[in-house]
There are 2 protein chains.
Amino acid sequence: MDERVPRDFETLRSTILDRRESLPKRIAQIAAYALDNPDDIAFGTAASIAASAGVQPSTLIRFAQQLGFDGFTSLQQVFRERLRERNSSYDERLQALRAKAEGGAGHRAIFDGFVAAASTSLNDISRTLDDAHLEEAISLLAKAQTIYVLAKRRSYPVATYIAYALGKLKIRNQLIESAAGLNAEMVAFATPADAVIAISFSPYAPATIEEARTISEQGVPIVAITDSSFSPLAQFARVWFEVAEADFAGFRSLSATMALAMALTVGVGEKRRDASRKRKA
Amino acid sequence: MDERVPRDFETLRSTILDRRESLPKRIAQIAAYALDNPDDIAFGTAASIAASAGVQPSTLIRFAQQLGFDGFTSLQQVFRERLRERNSSYDERLQALRAKAEGGAGHRAIFDGFVAAASTSLNDISRTLDDAHLEEAISLLAKAQTIYVLAKRRSYPVATYIAYALGKLKIRNQLIESAAGLNAEMVAFATPADAVIAISFSPYAPATIEEARTISEQGVPIVAITDSSFSPLAQFARVWFEVAEADFAGFRSLSATMALAMALTVGVGEKRRDASRKRKA
DNA sequence: GGCAATATGAAATAATAATTCCAATCCATA
DNA sequence: TATGGATTGGAATTATTATTTCATATTGCC
């Protein structure tokens with residue numbers, strides 16, 4: 001009796017694709033419709049779906065039965081479950097994946113974990129980001145002669161991406177690197193007409209904090225990306241963003257920070273373009 | 001007659017929260033349940049929801065009516081619409097956001113765009129990543145004496161993150177940087193007992209390609225992350241991953257690449273730990 | 001504490017939706 | 001082209017589900 005009924009959407013999908021060739025015309029029609037409009041199947045009634053797909057309700061039921069379900073209703077469950085899954089709080093998924101990875105569930109689980117951590121962080125930041133802060137930060141940076149970019153260690157990749165993007169947008173910028181130990185000198189060049197993007201997360205790299213302090217004492221405005229209001233960076237900053245990145249296997253995601261960094265960068269680019277257009281006009 | 005019925009979930013949510021104080025006990029109970037378990041409202045029947053929330057079906061309907069709906073069914077629509085929205089293919093959202101940003105819709109739209117691009121990319125890669133490739137790449141890298149990390153320009157941030165993570169995991173690695181123009185010499189040190197992670201996307205940085213070629217001619221195995229099978233990197237690589245990153249405002253996301261990079265790094269770390277444990281036993 | 005207004009529970013009813021059934025049609029094969 | 005089997009359409013039937021109703025309980029107010 002066990003006809004191996006597909007219980008999850010992906011299985012169902014591949015079952016349908018496998019059999020596609022051998023299905024009768026109308027059944028194939030509803031099959032195609034189902035894969036193209038899974039949401040409609042999840043929410044519609046047999047009658048409404050059948051109408052949209054251009055078949056009779058009975059065909060829809062036959063389709064379900066041919067797949068081994070005992071009726072439309074149980075087929076629909078699979079489509080609903082899919083929406084639930086997709087939507088199930090990433091937090092929960094992340095927990096589950098962490099447990100799985102702990103148990104040594106293989107490398108795919110690790111990968112899934114990083115994807116989930118990134119997604120969680122992105123969700124989080126789009127909920128919590130304050131538009132006013134974003135505007136403020138962009139205005140501040142757009143006025144700067146040179147934008148200094150300050151970040152070490154884990155945040156360093158973000159700094160390099162900002163520097164790359166600013167360069168592509170032809171915005172003068174300076175990455176504060178430690179290669180030659182000339183940071184102090186580099187920092188000394190900054191004036192109140194410039195601005196800084198500083199990024200640091202707990203445990204805050206002491207060098208970043210020190211440089212941020214020095215530079216803020218020179219009167220250079222700082223836009224900070226950090227992880228809590230207790231962050232030492234927050235106190236030096238003119239504008240600061242709190243970004244909570246989820247972690248997995250001991251490494252925090254960077255996806256939210258990256259998204260914010262890009263928004264700042266491109267935002268500055270646009271603002272400058274607008275400003276120069278006005279000046280010309 | 002227009003009672004200003006909440007038409008979208010967020011409006012509904014705030015309406016409920018506003019009135020919370022003034023609602024009768026049972027109605028408040030179902031109200032709280034609805035906000036806590038929106039998915040159940042979307043999918044359940046009046047009876048099943050009422051049971052889960054510990055009230056009568058009629059209460060559920062009264063709740064809906066008090067909010068201005070004419071019955072449970074229309075209230076449910078809002079909860080369903082929410083799932084649809086949330087789930088509406090990120091691609092579509094991205095399109096919409098791109099159009100919005102083009103039209104000069106402000107900096108929030110830009111930010112949302114980068115978030116959407118990152119999410120799309122993550123979705124994409126979790127669908128397309130091949131487990132076998134992942135295993136293969138990790139085994140290959142785990143055997144290496146030194147892991148060389150090769151990436152420029154846009155991919156460079158990923159390289160710095162990999163280097164940072166490998167360092168934290170105490171895995172010997174060498175970032176191939178161009179600072180002193182010593183890349184050629186650095187590359188010359190690599191032997192077949194080492195391995196390379198190379199990352200490059202179109203337009204492929206010529207230096208990356210050249211270095212990859214040289215190093216592969218020395219017999220050093222390469223794991224490549226790139227964006228198509230036509231990529232020149234693919235031909236030098238022992239294992240390669242195709243990562244399709246969505247772009248926004250002219251900049252591609254890095255989120256999928258980052259997730260993959262982290263999975264490789266941490267995967268290698270685990271594999272080594274397992275191997276050394278076995279050796280000891 | 002008594003009264004009216006409001007809220008709640010439970011079952012009856014109405015509505016809506018899924019499923020079944022049968023006749024008509026299509027299609028492959030001899 | 002005739003014939004049997006599979007497929008389809010459409011209406012009838014059955015099932016499920018939302019809604020209404022009314023009796024009962026609770027609450028606030030004088």
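Chain naming here is simple, since letters A, B, ... match the order of the sequence lines and numbering starts at 1 in each.
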Q: NA contact type, B:Leu60, heavy-atom cut-off 4.0 Å: base, sugar-phosphate, or nothing?
A: nothing
Q: Is the closest side-chain heavy-atom distance between B:Phe79 and B:Leu12 below 4.5 Å?
A: yes
Q: Atom CZ of A:Arg26 and atom P of C:dC27: how far apart are they, to the nearest Å?
A: 10 Å
Q: Which atom pairs link the protein and nucleotides 20-25 of chain D when you take only N or O atoms and keep those under 3.5 Å?
A:
unit_1, atom_1, unit_2, atom_2, d
D:dT20, OP2, B:Gln65, NE2, 3.4

Q: Taking CZ from A:Phe63 and P from D:dG9, how many angstroms apart are they, rounded to a whole number?
A: 15 Å
Q: Any residue in residues 45-56 of chain A with a heavy atom nearer than 4.0 angstrom to DNA chain D? Just list them by number, or reply none.
A: A:Gln56
Q: Below 4.5 Å, heavy atoms only, C-beta onward: do A:Pro38 and A:Arg13 meet side chain to side chain?
A: no
Q: Give the rounded distance in Å between these two atoms: CD1 of A:Ile30 and P of C:dA18.
A: 12 Å
Q: Applying side-chain hydrogen bond (donor to acceptor under 3.5 Å, both in side chains), name anything that partners B:Gln235, two or more places apart in sequence or on another chain.
A: none
Q: Can you tell me the distance, in whole Å, between the CZ atom of B:Phe69 and the P atom of D:dA18?
A: 16 Å
Q: Any side-chain donor-acceptor pair under 3.5 Å between A:Glu245 and A:Thr257?
A: yes
Q: To the nearest angstrom, how far is B:Gln77 atom CD from C:dT16 atom P?
A: 13 Å
Q: By ring-ring contact (aromatic ring centres under 6.0 Å, His included), which residues pair with B:Phe251, not counting sequence neighbours?
A: none
Q: Among residues two or more places apart or on two chains, list those pairs meeting salt bridge (charged side-chain N to carboxylate O under 4.0 Å, His left out) that have a residue in residues 247-265 of chain A.
A: A:Arg98-A:Asp247
Q: Starting at the 5' end of DNA chain D, which residue's closest nucleotide do you reach first, A:Lys25 or B:Gly44?
A: A:Lys25
Q: Can A:Arg80 be said to sit on top of B:Phe43's aromatic six-ring, NZ or CZ under 6.0 Å from centre and within 45° of the ring axis?
A: no
Q: Separation of B:Gln29 atom CD from C:dT8 atom P, in whole Å?
A: 9 Å
Q: Quick test of your reading: applying side-chain hydrogen bond (donor to acceptor under 3.5 Å, both in side chains), list the pairs with at least one residue in residues 41-63 of chain B, sequence neighbours left out, ordered by first then second residue.
A: B:Thr45-B:Ser48
Q: Between atom CG in A:Leu75 and atom C1' in C:dA18, what is the gap in whole Å?
A: 13 Å
Q: Calculate the interatomic distance between A:Phe72 atom CZ and C:dT16 atom P; express it in whole Å.
A: 17 Å
Q: Take B:Leu233 and B:Trp240 through the test side-chain contact (heavy atoms from CB on, under 4.5 Å) and record every step on the way to the result.
A: CA-CA 8 Å; B:Leu233 261 195; B:Trp240 62 274; over 6 Å; no
